[in-house]
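One structure is given below, encoded as structure tokens.
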Protein chains: 4
Amino acid sequence: MSIVEKKEQHRRSILKAALFVFARHGFENTKLHQIAVKSKVGKGTIYNYFRDKVALYQAVVSETMEQLFHVIVARSDIVDNPLQSLTAAIIATFEFFEESPDRYVIYLRYFSDTATSSKKSKVPIVFLNLSIFEPKIRECKAKGFLKPPEAEAEDFVLSFLGIINSFLFRWFSSRKTYDFRAKIPIIAKIFSHGTYKHD
Amino acid sequence: MSIVEKKEQHRRSILKAALFVFARHGFENTKLHQIAVKSKVGKGTIYNYFRDKVALYQAVVSETMEQLFHVIVARSDIVDNPLQSLTAAIIATFEFFEESPDRYVIYLRYFSDTATSSKKSKVPIVFLNLSIFEPKIRECKAKGFLKPPEAEAEDFVLSFLGIINSFLFRWFSSRKTYDFRAKIPIIAKIFSHGTYKHD
Amino acid sequence: MSIVEKKEQHRRSILKAALFVFARHGFENTKLHQIAVKSKVGKGTIYNYFRDKVALYQAVVSETMEQLFHVIVARSDIVDNPLQSLTAAIIATFEFFEESPDRYVIYLRYFSDTATSSKKSKVPIVFLNLSIFEPKIRECKAKGFLKPPEAEAEDFVLSFLGIINSFLFRWFSSRKTYDFRAKIPIIAKIFSHGTYKHD
Amino acid sequence: MSIVEKKEQHRRSILKAALFVFARHGFENTKLHQIAVKSKVGKGTIYNYFRDKVALYQAVVSETMEQLFHVIVARSDIVDNPLQSLTAAIIATFEFFEESPDRYVIYLRYFSDTATSSKKSKVPIVFLNLSIFEPKIRECKAKGFLKPPEAEAEDFVLSFLGIINSFLFRWFSSRKTYDFRAKIPIIAKIFSHGTYKHD
DNA sequence: TATGAATGAGCCTTCATTCAT
DNA sequence: AATGAATGAAGGCTCATTCAT
């Protein structure tokens, strides 16, 4: 294995370990020592790849968010119908978190972190998902598919994102037991047709 | 002023300062020293009222959540119509946070904290709002007001809560500028009638 | 003992220990732990009195230099004859270092530190002794006591200081054995009458 | 270029870089990394030429002092008159430092280093200049050129060295501006004829 | 021989908590 | 009850040194 490959492998190993530990203990309660042990490198080695603990955290967050971004785009783009593509986006998002629930914790913290502006939250990407869904929803709205008319595109995005986040939180809070997939049609129905029955 | 009143006043003062500082810096980055200064008591005095830093944080969180609970219940109970009472709940929630945005940070962190099991998040209350809205929504569902039929009461709660949280986050992220109140009718419409227009 | 007195005692104790350890090991090789042990206080206590290691070092240096300043002024001022007052200054300086040779090391390092401008050497006082001797020597020169005429007052100061430093260094390098006092008349003679014999 | 020459070139390059960096930052604050960069060799390569950081520092110091030694001897030996040869020694010393002021810092630190007994100061040479000037001065004294009679040869050496060091320090402290050369005759006069005028 | 990535001992500093006053 | 000085455990980070390539 070349030295460049080995370095890349180290970097991956550290990031993976960092995701694991940060997700379990949060930024402040994570000790660099834990990450070193988990990734089986010396403590000092981490500093060859990341300037400091904050930089490592930022790398974990931004990598996770970027991966989510790519997954969503890749999955929802293949669908032509914009309404279906939103469903595809939900599935993609869920499977991304299902594959590694640690990612969800990072995702969740990302929101609270951006709300309070401390040093470590200087993650450049802001409100990523919103910007992902926005074009699609704006397209739907432009085509006149969406109501009420006084609602702006952003309102639909917020509603859609809020519902998903809520169900994701529900899923995460009860590991395994909650069947998120079964809820997808319901989520779609509620978002599209509302909840009030007028006979 | 009696001794008891004076003590209670100290306690209030500490809690108020703690809310302020915890909201701005988070649990780990808050120094007890800051709270002592802000509340104008000695550092040691805090320990006469709270066992340790975690207990103080828990007190701040549970008090905030309980206040929110009471505000919602008080406001939504006076309305007879269950649908209207949900709107009342939204307004009550927003005004509660508007009065002191620090509360919103505590509320937001509360969610991420419960996701990761560290010591400080041993806040006994779990998913408070959910349990607030649940009875009302269950009542609506029982009365056959809600669709789709395959959705459980919890699904409505999750959807409703998610949308609100999303707009609250939007409001908080852009202090002042965002007009949350103007969005309440839209939130209600989206939740009740959905977003898809079928002419 | 009042609390203020106790604090002052702590401060003194820390400074004394710091002088001891800094003199023996130099700034970089001194561990705060050593000072804590030597002064019998907890490591953290030091930080109640000095912002950091650099501030402590600066305090040691400036205190030592100021004490030296005062000792020299006090001793040489009582003598009316400016020539005799220089001898008095030598004696005062020597006895100051003799009382605690650690001071000499601080004094010595002070010179090399000021030569190279690093962070820790940001001691405000510059070339202290020089400024002490200068007025006296300037006075002598003004009165026409000194030669050669083309020499400036500063030149005499430099020469005088240089000779003293040289003998002090000699004394310090061979603890105990070197009899500095016996050399004072010789120093005075060399400085005043020179070294070349012209029969 | 032969292998041996190439190795010697590496050694020279490292020593030169080390002089540069050690002079600017002192022993403790110098990072081997800096020297490696400055000398354009790998960090590991340094260890092929010097056992460790201390050995490298010692090599820099002893080389500098030896060069100074040789320069002084070479310059002062060509003069027959012992008094003139002292002046020649001053000039040689000054030009040596003027050529590379970094050397002066090493020279200066050498004195404070020998005062405190740490590991790095285990430089074998002790009080180098002294031993340079001593034979000449001893010769002068033996010939009856020097006074006062109760002064030993060492006293003259110390005085002479002290004055020079003082003026060198003055020169170094104000790079460029101070005209050391102009002071040489004054230094010589003060040393030889003293400072007190007796009409 | 040259390299620089890996290593971990070591240290400064912070801060929750204690306790004498 | 209130205070804040004292404490020391704990952790992020540095950097001399090693060693596989």
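No experiment lies behind these values; they were computed from the predicted model shown. Residue numbers begin at 1 in each chain, while the letters A, B, ... track the order of the sequences.
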- Query: Considering only heavy atoms and no angle criterion, is a donor-acceptor pair shorter than 3.5 Å present between the side chain of A:Lys43 and the base of E:dG10?
  - Reply: yes
- Item | Nearest-angstrom distance from the residue atom NE2 of D:His33 to P of F:dT17 | 16 Å
- Message: Nearest whole Å is fine: how far is E:dC15 C1' from C:Asn48 CG?
- Response: 11 Å
- Task: Report the distance from atom OH of C:Tyr57 to atom C1' of E:dC12, rounded to the nearest whole Å.
- Result: 18 Å
- Message: Between C1' on E:dT7 and CD1 on A:Ile14, what's the gap in Å once rounded to a whole number?
- Response: 12 Å
- Under 4.0 angstrom between B:Tyr49 side-chain N/O and F:dA2 OP1 or OP2: yes
- For B:Asn29 and A:Glu28, work out which heavy atoms get closest and say how close. ND2-OE2, 2.8 Å
- Task: First locate atom CG of B:Leu32, then atom CD1 of B:Ile46, and finally report the distance between them rounded to the nearest 0.5 Å.
- Result: 4.5 Å
- Note on the structure: Sorted by position of nearest nucleotide on DNA chain E, 5' first, the leading residue of C:Tyr47 and C:Ile3 is C:Tyr47
- Please give the angle, rounded to 10 degrees, between the axes at the start and the end of the helix from E:dA2-F:dT21 to E:dT21-F:dA2, where five pairs define each axis. 0°
- Note on the structure: Residues C:Ile14 and C:Ile35: closest non-hydrogen pair is O-CG2, 4.1 Å
- Task: Figure out the CD1/C1' separation between D:Ile35 and F:dC15, and round it to whole Å.
- Result: 13 Å
- Give a yes/no answer on whether the side chain of C:Thr45 brings an N or O atom under 4.0 Å of OP1 or OP2 in F:dT7. yes
- From the options E:dT17, E:dT7, F:dA6, select the nucleotide whose nearest atom is closest to the side chain of B:Leu32. E:dT17
- Exam field: side chain D:Ser13 to backbone D:Gln9, donor-acceptor pair closer than 3.5 Å: no
- Note on the structure: Regarding the side chain of B:Lys53, the nearest nucleotide among E:dC12, F:dT14, E:dA16 is E:dA16
- Query: Where the side chain of C:Lys53 meets the backbone of C:Phe27, is there a donor-acceptor pair that is under 3.5 Å apart?
  - Reply: yes
- Message: Using the ring centroid of each side chain, check whether A:Phe97 and A:Phe172 are separated by less than 6.0 Å.
- Response: no
- Note on the structure: Here the distance between atom P of F:dA20 and atom NE2 of A:His10, to the nearest Å, is 14 Å
- Query: Rounded to the nearest Å, what distance is computed from the CZ atom of residue B:Phe27 to the C1' atom of nucleotide E:dC15?
  - Reply: 12 Å
- Measure the distance from CZ on A:Phe50 to C1' on F:dC13 and round it to the nearest whole Å. 16 Å
